[in-house]
Enquirer: 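Mind having a look at this structure? Questions to follow.
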Amino acid sequence: MKTPEQHPDDPQPMLRLRNVGKSFGTLRVLKGIDLEVRRSEVVCLIGPSGSGKSTLLRSMAFLEEYDEGEIHIEGQLLGYVADNGKGRKRAAQARINQVRRNVGMVFQQFNLWPHMTALGNVSEALLRVRKLAPAEARQRALAMLDKVGLAHKADVYPIQLSGGQQQRVAIARALAMEPHIMLFDEPTSALDPELVGEVLQVMKALAREGMTMVVVTHEMGFAAQVADSVVFLDQGQVVAQGTPQQIFHDTEHPRLQQFLQNYLDRNAFWQDNQEVSLV
């Protein structure tokens, strides 16, 4: 596990959540979430299905509109502006896009355009959003495909790629926008087991390089090896938070223990993973 680089000149975290809540009708799915993510930190969100992990992650990019509390990205409030002393109102879309411009997101499904090659998928946003010249967009897209080990697949269409390769193209597409923080929503859940490793290796490399990351995952080994902080959610609340050692080995919280026992024998798991290096 890497140690996050300290930046004493950075007064605020990259991402700060304060008392964040979210409801769908009468169902309250997030309840008073507090969380901070520092530069170069990897935070893994774990928990049972329906615990609110994906909703929380999507709220961090305002793909879900949180109802309560505040989310700040690099010191800027996401999604809302003051409403002339009457509380707050939804910000204009241009403002929302400006605040989250340095946030990249990778989803469970790859969401690649089937009519475009891998290169086209990665370069499209560079052309349309960043307004780069075609030659510059191509050069950056090729560099990002090379970063995920797929430069040789630049001219291949998604249907000709494995699931793991498609997800790596999706990661390259997000990286091409030069994000300051990456959000991953169970990026390996749609993959066959034998393809999971190639995606996790790319994510481990990003962690080594100091990319700030928030990852919703069911891959406990990945969380144990890579995370600086692991957050356990249950029923829309943060139930436990700590280092991998504290969460996977030292916890005495009964709900967390029950959750982990559904996956593995905790002691054997920790002994197998605590010495694993990222190199």
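From a predicted model like this one, the values you see are computed outputs, not experimental measurements.
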Enquirer: Would you indicate whether Gln160, at its atom CD, is surrounded by more than 12 heavy atoms from other residues, nucleotides or ligands within a distance under 6.0 Å?
Expert: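 Atom CD in Gln160 is crowded, with more than 12 foreign heavy atoms closer than 6.0 Å.
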Enquirer: Between Pro244 and Ala227, which heavy-atom pair has the shortest distance, and what is it?
Expert: CG-O, 3.4 Å
Enquirer: List for me each residue that meets ring pair (Phe, Tyr, Trp, His ring centres under 6.0 Å) alongside Phe107, sequence neighbours excluded, and say none if there are none.
Expert: none
Enquirer: Taking Gly210's backbone N and O only, do any of them form a donor-acceptor pair with Ser40's side chain (distance below 3.5 Å, no angle check)?
Expert: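 Yes, because the side chain of Ser40 sits within donor-acceptor range (under 3.5 Å) of the backbone of Gly210.
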Enquirer: Mark yes when over 12 heavy atoms from residues, nucleotides or ligands other than Arg138 sit less than 6.0 Å from its CZ; otherwise mark no.
Expert: no
Enquirer: After noting the C-alpha distance and the side-chain angles of Met203 and Val226, does the key distance pass the side chain to side chain contact (heavy atoms under 4.5 Å, CB included) rule?
Expert: CA-CA 9 Å; Met203 295 172 66; Val226 180; over 6 Å; no
Enquirer: Is it possible for you to say whether Val199 and Val215 belong to one hydrophobic cluster, with membership spreading through side-chain heavy-atom contacts below 4.5 Å?
Expert: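 Same cluster.
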Enquirer: Check whether any side-chain N or O of Lys31 sits under 3.5 Å from a backbone N or O of Gln235 as a donor-acceptor pair, and report yes or no.
Expert: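 Yes; judged by distance alone, with no hydrogens or angles, the pair exists.
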Enquirer: Which residues pass the ring pair (Phe, Tyr, Trp, His ring centres under 6.0 Å) test with Phe110, sequence neighbours left out?
Expert: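 Listed in chain order: nothing, the list is empty.
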Enquirer: If Ile, Leu, Val, Met, Phe, Trp and Tyr residues are connected whenever their side-chain heavy atoms lie under 4.5 Å apart, and connections chain through other members, are Val43 and Leu200 in the same group?
Expert: no
Enquirer: For the backbone of Val42 and the side chain of Asp228, can you confirm whether one donor and one acceptor N or O come within less than 3.5 Å of each other?
Expert: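 Yes.
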Enquirer: Are there more than 12 heavy atoms of other residues, nucleotides or ligands under 6.0 Å from atom CD1 of Ile159?
Expert: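 At most 12 heavy atoms, drawn from other residues, nucleotides or ligands, come within 6.0 Å of this atom.
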Enquirer: Are any non-hydrogen side-chain atoms of Arg173 and Asn111 less than 4.5 angstrom apart?
Expert: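 Contact flag for Arg173/Asn111 side chains = yes.
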Enquirer: With sequence neighbours left out, write down each residue that passes ring pair (Phe, Tyr, Trp, His ring centres under 6.0 Å) with Tyr66, or none if nothing qualifies.
Expert: Phe62, Tyr80
Enquirer: Given 3.5 Å as the limit, does a donor-acceptor pair link the side chain of Thr117 with the main chain of Gly120, or not?
Expert: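 Side chain of Thr117 to backbone of Gly120, a donor-acceptor pair under 3.5 Å: yes, one is there.
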Enquirer: Would a 4.5 Å heavy-atom cut-off, applied to side chains only, mark Leu175 and Met211 as touching?
Expert: yes
Enquirer: Any idea which heavy atoms bring Ile71 and Ser59 closest together, and the distance?
Expert: CD1-O, 3.5 Å
Enquirer: Could you check whether any side-chain heavy atom of His180 comes within less than 4.5 Å of a side-chain heavy atom of Thr212, counting everything from C-beta outward?
Expert: no
Enquirer: May I ask you to test the Thr188-His218 pair for a side-chain heavy-atom distance under 4.5 Å?
Expert: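 Thr188 vs His218: side chains touch.
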Enquirer: Taking the side chain from Gln257 and the backbone from Thr251, do they hold a donor-acceptor pair closer than 3.5 Å?
Expert: yes
Enquirer: Indicate yes or no for a side-chain donor-acceptor contact from Thr55 to the backbone of Gly52 under 3.5 Å, with no hydrogens or angles considered.
Expert: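 No, Thr55 side chain to Gly52 backbone: no donor-acceptor pair under 3.5 Å.
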Enquirer: Could you measure the distance from the CD atom of Gln246 to the CD atom of Glu252? Nearest 0.5 Å is fine.
Expert: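 Output value for this atom pair is 12.0 Å.
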Enquirer: Return yes if some donor-acceptor pair links the side-chain N/O of Lys53 with the main-chain N/O of Leu233 below 3.5 Å, else return no.
Expert: no
Enquirer: When you look at CD of Gln93, are more than 12 heavy atoms from neighbouring residues, nucleotides or ligands closer to it than 6.0 Å?
Expert: yes
Enquirer: Among Glu186, Glu64, Glu65, exactly one meets salt bridge (Lys or Arg N to Asp or Glu O under 4.0 Å) together with Arg58. Which residue is that?
Expert: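 Testing Arg58 for a salt bridge (Lys or Arg N to Asp or Glu O under 4.0 Å) against Glu186, Glu64, Glu65 leaves exactly one candidate, Glu64.
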Enquirer: Apply side chain to side chain contact (heavy atoms under 4.5 Å, CB included) to Met60 and Val103, showing your working.
Expert: CA-CA 9 Å; Met60 294 176 189; Val103 177; over 6 Å; no
Enquirer: Running the 4.5 Å side-chain criterion over Ile, Leu, Val, Met, Phe, Trp and Tyr, what cluster does Met116 land in, apart from itself?
Expert: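 For the cluster that includes Met116, the remaining residues are Trp113.
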Enquirer: Counting N and O atoms only, with roles assigned by atom type, does the side chain of Ser162 sit under 3.5 Å from a partner on the main chain of Gln165, one being a donor and the other an acceptor?
Expert: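 Answer holds: yes.
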Enquirer: Between Arg28 and Glu68, does any side-chain N to carboxylate O distance fall below 4.0 Å?
Expert: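 Here Arg28 pairs with Glu68 in a salt bridge, since their nearest N and O are under 4.0 Å apart.
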Enquirer: Provide the closest heavy-atom pair for Gly69 versus Arg88 in the form atom of the first, atom of the second, distance.
Expert: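 Closest approach of Gly69 to Arg88, heavy atoms only: O-NH1, 2.5 Å.
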Enquirer: Using atom types as modelled and distance alone, determine if a side-chain donor or acceptor of Asn102 lies under 3.5 Å from a backbone N or O of Pro179.
Expert: no
Enquirer: Linking Ile, Leu, Val, Met, Phe, Trp and Tyr by side-chain heavy atoms under 4.5 Å, what else ends up with Leu126?
Expert: Val129, Leu132, Met177
Enquirer: Pick from Ile247, Thr217, Val216: which one makes a side-chain contact (heavy atoms from CB on, under 4.5 Å) with Cys44?
Expert: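 When Ile247, Thr217, Val216 are each tested with Cys44, the side-chain contact (heavy atoms from CB on, under 4.5 Å) holds only for Thr217.
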Enquirer: Hey, are the side chains of Phe259 and Ile46 touching, using non-hydrogen atoms and a 4.5 Å cut-off?
Expert: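 Yes - at least one pair of side-chain heavy atoms lies under 4.5 Å apart.
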Enquirer: Without swapping roles, check the side chain of Glu70 against the backbone of Leu77 for a donor-acceptor pair under 3.5 Å.
Expert: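 No; judged by distance alone, with no hydrogens or angles, the pair does not exist.
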Enquirer: Identify the heavy atoms of Leu256 and Ala240 that sit nearest to each other, and give their distance.
Expert: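 Looking at all heavy atoms of both residues, the closest pair is CD2-CB, 4.0 Å.
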Enquirer: Does the side chain of Leu15 come within less than 4.5 Å of Leu35's, by heavy atoms?
Expert: no
Enquirer: Of all heavy-atom pairs between Gly164 and Leu195, which one has the smallest distance, and what is that distance?
Expert: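 Residues Gly164 and Leu195, closest heavy atoms: N-CD1, 3.8 Å.
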Enquirer: Between Gln225 and Glu219, does a side chain to side chain contact (heavy atoms under 4.5 Å, CB included) hold up when you go through it step by step?
Expert: CA-CA 10 Å; Gln225 295 173 35; Glu219 300 290 345; over 6 Å; no
Enquirer: Compare all side-chain heavy atoms of Arg255 with those of Pro48 and state whether any distance is below 4.5 angstrom.
Expert: yes
Enquirer: Please determine whether a side-chain nitrogen of the Lys or Arg among Glu209 and Lys147 lies less than 4.0 Å from a carboxylate oxygen of the Asp or Glu.
Expert: yes
Enquirer: Give me the atom names and distance for the closest heavy-atom approach of Ile96 to Gly79.
Expert: CG1-CA, 4.0 Å
Enquirer: Would you call Gln166 and Asn121 a side-chain contact if the rule is heavy atoms closer than 4.5 Å?
Expert: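 Sidechains of Asn121 and Gln166: no contact.
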Enquirer: Flag the pair Glu36 and Arg18 as a salt bridge only when some basic side-chain nitrogen lies within less than 4.0 angstrom of an acidic carboxylate oxygen.
Expert: yes
Enquirer: Got a sec: does the CD of Gln237 have more than 12 other heavy atoms crowding it under 6.0 Å?
Expert: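 Enclosed: over 12 neighbouring heavy atoms sit under 6.0 Å from CD of Gln237.
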Enquirer: Could you list the residues that satisfy side-chain contact (heavy atoms from CB on, under 4.5 Å) with Val202, not counting sequence neighbours?
Expert: Val148, Arg168, Ile171
